[in-house]
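Not measured: the values here are computed from a predicted model. Basis for what follows: all heavy atoms, side chains included, without hydrogens, waters or symmetry-related copies. Within every chain, numbering begins at 1; the chains are lettered A, B, ... in the order of the sequence lines, protein sequences first and strands thereafter.
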Amino acid sequence: MRTIATVCTLLLVAKGAVAGEDAVLDIEGETFITKTAAPAHMENVDTIFSGWVFRTDETQALQLDDFDNPAFVFVDQALDQWDTAEGSAGKACSSCHEDVSEFEGLKAKLPRVENGELVTLTNLVNTCVTERMGAEEWSYSGSKMSGMTALIAHQSRGMAMDVKIDGDAAPHWELGKEIYYTRVGQLQMACANCHEDNYGNMIRADHLSQGQINGFPLYRLKNAKINTTHGRFKGCMKNIRATPYKEGSAEFKALELYVASRGNGLSVETPAVRN
Amino acid sequence: MKHAFAIAMVVTAVPVWAGEVTPSSVSFDEYGAVTESLTGVTGDPENGAKVFANRKQGNCLACHVNSDMADAPFHGEVGPSLDGVAGRWEIADLRGIVANSKKTFPGTIMPAFYIDAGYERPLEKFSGKSLLSAQQVEDVVAYLMTLTEE
């Protein structure tokens, strides 16, 4: 079994490489790392690939030029939101933060543990919204939040993902890993069955990627909007007829940390484009 | 009434009729084969082909290439090609593989199509239900038996 799995993985890696061989993700003169050696903690995978590598030429092309990338409509809306006062304090993001560019590097390190709690970019934004602006919490994957997190994550575009998995992050990372390998739903599949054992293979019309999140939040042609990491996790779980965890739940945050760590070394691509 | 029944057929798994082997009482041999028909009714290969291709039923094409269905778009490549599968396996093997492939291939990604328990966190509406009915399994197996050409 082990041998078969290994042979398959080798074939798949070769295949993945072929699919992306000629494709170089180069945006405005900057070359992105879409393929690199897997981080040391990964036991069954040697090389990690961005989901971009597995998309069709047409979908890939949309990410090569920011003018063609439909995500930027939403990023621009978030820039307006950045200056919009909300809540009892009468403040906007720009009342406290000089420029959104001050968040350069933030996304590459998230999620991370703060005061004993695992926090995502969405949590950090909501802390400002509720505690500093005195406004109602933004819904986890709503349009305001997905746009704002895309705008902030975009400031780290091109930087390598580098989440911390040891120390106080370790218990969350372990939980995320357990979820990643647990078979769930009526189809009894784990994330690993598709994104570790079968990346590079077609599953009906879909070319399976490694399920990396370095491009999130990202634009999907399927629903013509910005999609969040937890929204994607939810979609994959529903496809295997499993009850998803809630967006923003401890489980999905832990899974986000674990999946992010599987992409340590890939460039942040936010906002990426997928089908 | 007729209408309501049709909807129930689609949404829930088909009820177990008298004389059918229930998902929990299927008898697998040590290699995962199932000798006894699940229904006692000869499988219908034509319906089996439909169940095979249907995304909400077998959705076998999601993972398997099948040249017999060359006209249908998008054959997956997660599993082996099923061309000539009838020459590689006996009918009892194929019944076992479709009913619960994990008995033949431990740890496989291929779903078990005739079990109704042991799911972790299933969506409520699928809890306690099998993916296919006993007759649908027999029909798919009958269809697989027609795949003789490599």
Side-chain angles (χ1 to χ4, degrees), chain A residues 1-9 11-12 14-16 18-19 44 54 56 178-209 233-246 249 251-252 255 275, chain B residues 10-13 23 32 52-66 69 72-82 98-133 136:
Chain A
M1 200 56 221
R2 189 60 247 153
T3 333
I4 293 176
T6 312
V7 171
C8 282
T9 309
L11 288 172
L12 293 177
K15 202 153 189 221
V18 170
N44 312 317
F54 300 90
T56 61
E178 188 187 315
I179 295 171
Y180 192 86
Y181 285 102
T182 301
R183 287 172 172 255
V184 291
Q186 195 189 25
L187 298 190
Q188 299 186 302
M189 291 182 195
C191 313
N193 286 126
C194 289
H195 294 299
E196 179 167 287
D197 302 339
N198 278 293
Y199 66 86
N201 277 337
M202 296 299 292
I203 186 161
R204 205 107 195 200
D206 286 310
H207 194 197
L208 279 168
S209 73
F233 292 170
K234 196 170 148 184
C236 280
M237 289 191 87
K238 282 186 145 179
N239 282 342
I240 49 178
R241 300 185 172 182
T243 304
Y245 295 101
K246 292 223 157 28
S249 64
E251 289 87 356
F252 268 178
L255 185 59
N275 50 310
Chain B
V10 174
V11 174
T12 67
F52 185 100
N54 188 310
R55 282 162 207 266
K56 304 234 138 136
Q57 297 177 353
N59 198 18
C60 314
L61 276 183
C63 295
H64 293 283
V65 166
N66 175 8
M69 294 187 172
F74 308 125
H75 298 205
E77 46 192 23
V78 169
S81 160
L82 295 181
V98 178
N100 185 355
S101 56
K102 283 153 180 94
K103 304 273 186 186
T104 306
F105 311 113
T108 184
I109 186 178
M110 179 165 154
F113 288 90
Y114 200 60
I115 60 169
D116 61 4
Y119 303 138
E120 292 283 329
R121 303 181 62 82
L123 275 174
E124 197 56 52
K125 63 176 168 178
F126 299 114
S127 179
K129 310 250 163 68
S130 58
L131 280 161
L132 296 181
S133 70
Q136 285 174 327

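Rounding to the nearest 0.5 Å gives a distance of 12.0 Å between CD1 of A/I240 and CZ of B/F126. Atom CG of A/D197 sits about 7.0 Å away from atom CD1 of B/I109, to the nearest 0.5 Å. Going from atom OG of B/S127 over to atom CZ of A/R241 covers 13.0 Å, rounded to the nearest 0.5 Å. To the nearest 0.5 Å, atoms OG1 (B/T108) and CD (A/Q188) are separated by 11.0 Å. Here the SG atom belonging to B/C63 is positioned 7.5 Å from the CG atom belonging to A/N198, to the nearest 0.5 angstrom.
Of all the listed residues (A/M237, A/M189, A/R183, A/K238), the one sharing the greatest number of non-hydrogen pairs under 4.5 Å with chain B is A/R183.
At a 4.5 Å heavy-atom cutoff, B/D116 makes no contact with chain A through either its backbone or its side chain.
Here the closest non-hydrogen pair linking B/H75 and A/M202 is O-CB, 4.4 Å. Considering all non-hydrogen atoms of both residues, A/G185 and B/Y119 come closest at O-CD2, 3.8 Å.
With A/T243 as the fixed residue, the side chain to side chain contact (heavy atoms under 4.5 Å, CB included) test singles out one of B/E124, B/R121, B/E120: B/R121.
Judged by distance alone, the side chain of A/Q186 and the main-chain N or O of B/L123 form no donor-acceptor pair under 3.5 Å.
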